[in-house]
Amino acid sequence: MREHYDVLVAGAGPAGLAAAQAAASHGAHVGLLDAQPRAGGQVWRHDVRLPASRVARQAIDTLQGVELLARHSVVAVESPALRAETPRGSRLLSFGALVLATGARELLLPFSGWTLPGVTGAGGLQALAKQGWPVAGKRVVIAGSGPLLLAAADTLRKHGAQVLGIFEQAPAAAVRAFARQLHRWPARAWQAAGLRLRLASVPYRCGSFVREAVGDGAVRGVAIETPRGVQRVECDLLAAGYGLVPDTELAALLGCVLDEADTHPRVQVDALLRTSVPNVYAAGESCGIGGLAVARIEGAMAGHMAGGDTAAADTLRPQRDRERRFGALLARHFALDPRLRTLADDATLVCRCEDVRLGALAGFDDARAARLATRCGMGACQGRICGTALAELGRFPRGGTRPPVFPARLATLAGHATLSTDDA
Ligand SMILES: Cc1cc2nc3c(=O)[nH]c(=O)nc-3n(C[C@H](O)[C@H](O)[C@H](O)COP(=O)(O)OP(=O)(O)OC[C@H]3O[C@@H](n4cnc5c(N)ncnc54)[C@H](O)[C@@H]3O)c2cc1C
């Protein structure tokens with residue numbers, strides 16, 4: 001059975017929440033779906049210990065006239081509808097207009113020891129802590145690139161972790177130049193100042209990156225390349241993330257054109273967030289990394305467009321363009337050091353789901369051929385981690401997207417709407 005919404009929003013992060021609210025304000029019957037059990041996306045992910053910020057509470061709790069479809073993972077497109085898997089079965093959801101607000105994920109890069117238990121992404125460890133994974137008293141090294149390292153450190157400390165240091169790969173001069181520009185976005189300048197103040201006792205080292213994680217059965221320490229030579233630090237956890245990449249799988253399945261000018265594609269939209277597919281709009285990080293403010297503004301614009309009010313969307317354009325310039329600043333100043341692309345050697349596992357080492361990919365110049373011969377990218381993450389890393393390493397571009405977007409039950413793929421109690 002197919003259920004119909006005037007406007008369906010995929011992704012209940014800040015962009016999706018704003019889109020749903022804006023579309024509902026025009027009287028549309030709106031469904032807002034997300035794979036997660038609660039709305040909020042990455043930045044407003046529910047924290048089992050700490051209260052949500054006022055802004056997050058306002059966006060989530062005041063949602064009106066919107067049907068929240070939590071624990072709905074869109075796994076396939078059955079044109080013109082989305083197939084979503086739920087804990088109780090699957091649903092086929094059709095729409096008059098669709099807003100894609102699928103966000104971004106972390107870029108993880110392979111290095112010796114990166115698959116040891118205790119090594120995660122920076123946002124990944126932040127998410128685990130929010131979901132109740134115990135980090136109190138753990139000695140944590142945070143490494144990688146971008147402002148997310150500071151946000152993760154702040155959250156982890158609030159959960160009782162001992163953050164030994166933040167190791168930013170960008171050189172100090174680039175980070176200082178970035179900081180000097182921040183006054184053009186006062187809200188962000190305040191946010192950054194607050195973070196730096198709260199993290200004043202945590203060493204912040206620029207031009208530094210993890211060369212190797214060591215341990216027997218779990219990470220016990222890291223070797224960090226710094227401008228003054230290699231520094232060794234003992235730790236219980238390593239959280240290493242090299243920025244974010246747009247999540248474009250659903251857009252690709254729908255046939256939306258992707259902008260492939262950079263290493264990692266983004267959904268291509270026009271000035272009013274229309275994708276190349278009629279009645280499909282996109283907003284937030286899936287259109288390029290820009291942060292919370294961009295996500296909220298673009299979400300509202302896309303929601304107005306989906307609700308049929310082009311004029312309301314158009315009035316937000318100047319604000320959106322200004323916030324998008326922040327994303328460009330971020331990309332420029334936190335560009336990755338080419339040495340990061342040489343950390344993995346032939347013996348380094350690159351596909352952690354299927355245990356494929358980098359050396360096994362020698363001789364392949366196409367992701368599909370490599371996948372067929374080695375199973376690289378065929379595991380549970382569907383190539384999200386290794387495919388993105390291999391693109392960053394310059395091995396081959398990320399391969400095409402095929403359903404299911406997430407691992408799914410056979411019953412879902414067969415289109416069965418409900419599961420028997422035994423299967424659920
Ligand atoms: C791990 C991580 C942690 C972050 N932490 C912070 C932070 O602390 N502070 C900060 O300022 N910024 C943080 N960011 C950046 C953050 O992404 C943005 O600031 C903001 O959340 C972007 O909003 P969005 O709505 O575009 O996407 P998101 O917030 O990423 O929301 C996208 C939503 O879409 C859902 N989704 C995607 N695909 C599907 C599908 N197929 N089916 C169903 N649902 C789907 C996801 O579950 C997710 O809830 C983080 C990013 C990541 C990746």
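Every number for a ligand or one of its atoms is a count from 1 in the order of the listing. Computed from a prediction, not measured in an experiment: that's the story for all the values here.
- There is no side-chain donor-acceptor pair under 3.5 Å between H72 and T86.
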> Step by step, would you call V219 with V214 a side chain to side chain contact (heavy atoms under 4.5 Å, CB included)?
Replying inline: CA-CA 6 Å; V219 65; V214 291; over 6 Å; no
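- Not counting sequence neighbours, the partners of W185 by the ring pair (Phe, Tyr, Trp, His ring centres under 6.0 Å) test are F326.
- Annotation: ring pair (Phe, Tyr, Trp, His ring centres under 6.0 Å) contacts of H29 (sequence neighbours excluded): Y5.
- Using a 3.5 Å distance cut-off with no hydrogens or angles, the side chains of R83 and S90 do pair a donor with an acceptor.
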Solution key, residues 144-155 side-chain donor-acceptor pairs under 3.5 Å, sequence neighbours excluded:
unit_1 : atom_1 : unit_2 : atom_2 : d
S145   : OG     : E168   : OE2    : 2.7
S145   : OG     : Q169   : NE2    : 2.8
D154   : OD1    : R198   : NE     : 3.1
D154   : OD2    : K158   : NZ     : 3.2
D154   : OD2    : R198   : NE     : 3.3
D154   : OD2    : R198   : NH2    : 2.9
T155   : OG1    : Q126   : NE2    : 3.1
T155   : OG1    : A151   : O      : 3.1

Pairs under 3.5 Å, nitrogen or oxygen of ligand 1 with protein nitrogen or oxygen:
unit_1   : atom_1 : unit_2 : atom_2 : d
ligand 1 : 5 (N)  : Q126   : OE1    : 3.1
ligand 1 : 8 (O)  : Q126   : NE2    : 2.9
ligand 1 : 17 (O) : E285   : OE2    : 3.1
ligand 1 : 19 (O) : L292   : N      : 3.3
ligand 1 : 25 (O) : P14    : N      : 3.3
ligand 1 : 25 (O) : A15    : N      : 2.9
ligand 1 : 26 (O) : E285   : N      : 3.0
ligand 1 : 29 (O) : Q42    : N      : 2.9
ligand 1 : 41 (N) : V74    : O      : 3.2
ligand 1 : 42 (N) : V74    : N      : 3.0
ligand 1 : 44 (N) : A35    : N      : 3.1
ligand 1 : 47 (O) : D34    : OD1    : 2.7
ligand 1 : 49 (O) : D34    : OD1    : 3.2
ligand 1 : 49 (O) : D34    : OD2    : 2.6

